[in-house]
Protein chains: 2
Amino acid sequence: MDDTDRRLLALLQEDATRSYAALGQAVGLSAAATHERVRKLREQGVIRRTAAEVDPAAVGKGVLAFVLVDATSWMGDSGAELAALPEIEEAHVVAGSASVLVKVRTSTTERLQDVLRGLYGIDGVSGTRATVVLDTLFERPVTP
Amino acid sequence: MDDTDRRLLALLQEDATRSYAALGQAVGLSAAATHERVRKLREQGVIRRTAAEVDPAAVGKGVLAFVLVDATSWMGDSGAELAALPEIEEAHVVAGSASVLVKVRTSTTERLQDVLRGLYGIDGVSGTRATVVLDTLFERPVTP
DNA sequence: GCCGCCGGTCGGTGTCATCCACGCCGGGTT
DNA sequence: AACCCGGCGTGGATGACACCGACCGGCGGC
């Protein structure tokens, strides 16, 4: 993982459709060498996958909220139950006053309420504190 | 935006390296027709971009935290100042007891502290409440 | 019923991903 | 110092694929 790899990662994060030739030119390498480095980055798991990034609003997910979930028991193993709610985009075990923090994206606030109801249905959940997002200033990839 | 488009989006979200031929076969369309639909989805902005997803841990970003930022003035226009902290991955204006919620990824907790210090340097910021992530259960794309 | 349009299939072409053989360079060994 | 060896890069070949244009069928509006 040298500096060239980091530059490749940065380029691929903003646009993974670039050809290896263009990519190589940007970092001063041949297309073949570039291909080889990217292949290794994939193999090592540094690049998890290459995916299309979809605009949530365009697929009817206009409501975003972060929900702190309080629980009376350990919830580190409830990943599957949380994943069963398809509107939950991320779930993290956190330190602090809550047990779990989830990021929820729904079409409407009514649907958000349904998700909160779903959360209460999970064993051990004793409360939720939702923070509704009014406007997203920016979202960007990690800077390597 | 019909059901075929939604299926294409789902497929491209899990792996955008698939060929149009394979993609078309999965939804029962020719490669050319698939190409055309994807082109339109891009043009309309439904697909924002296609990007490589990098494992944060592999690039030395092992610490994740969500920080609620309290402020004494309106912060909806402070996007640029927040974006100047490169460790901030997302920034949202929120309803509730705080003004802004940011997602921060750093190498160490010391660097997290530096980011918090940076936040206090922004005009109007009067406090921060950080919630540190212990374990990420899952992160997944929006379900169209 | 006719016309125009949207969305599809089919076929061709230039580009690109991908593989292979070879060469360069630096570190460790004798 | 000379040698060897492994990793990394280059150049070229080839087969697949993205991309484009021509054509066609169904559907809705006049």
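As the structure is a prediction and not an experimental result, all values here were calculated from the model. Quick note on labels: first sequence line is chain A, next is B, and so on, each numbered from 1.
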Sugar-phosphate only, base, or nothing, as touched by A/Arg39 at under 4.0 Å among non-hydrogen atoms: nothing
All N/O pairs under 3.5 Å across the protein-nucleotides 13-18 of chain D interface:
residue	atom	partner	partner atom	Å
D/dA18	OP1	B/Tyr20	N	3.2
D/dA18	OP2	B/Tyr20	N	3.4

Residue pair B/Trp74 / B/Val93, side-chain heavy-atom distance below 4.5 Å: yes
Length of the NZ-P vector between A/Lys40 and C/dC19, whole Å: 14 Å
Residue pair A/Val102 / A/Leu85, side-chain heavy-atom distance below 4.5 Å: no
Heavy-atom side-chain proximity of A/Met75 to B/Leu137 below 4.5 angstrom: no
With sequence neighbours excluded, residues passing salt bridge (Lys or Arg N to Asp or Glu O under 4.0 Å) with A/Glu53: B/Arg48, B/Arg49
Closest listed nucleotide, where the reference is the side chain of B/Ala32 and the choices are C/dG7, D/dT10, C/dC10: C/dC10
Atom-to-atom span, CD of A/Gln25 to P of D/dG11 - whole angstrom: 13 Å
Length of the line joining A/Leu23:CG and D/dG9:P, which is rounded to integer Å: 14 Å
B/Arg7 and B/Thr4, any side-chain heavy atoms less than 4.5 Å apart: no
Protein-nucleotide distance (B/Glu43, atom CD; D/dC19, atom P), rounded to Å: 14 Å
Interatomic distance, A/Glu36 CD vs C/dA17 P [rounded to whole Å]: 15 Å
For atom CZ of A/Arg37 and atom P of D/dG9, their distance in whole Å: 5 Å
Side chain proximity check, B/Leu112 to B/Val132, heavy atoms < 4.5 angstrom: yes
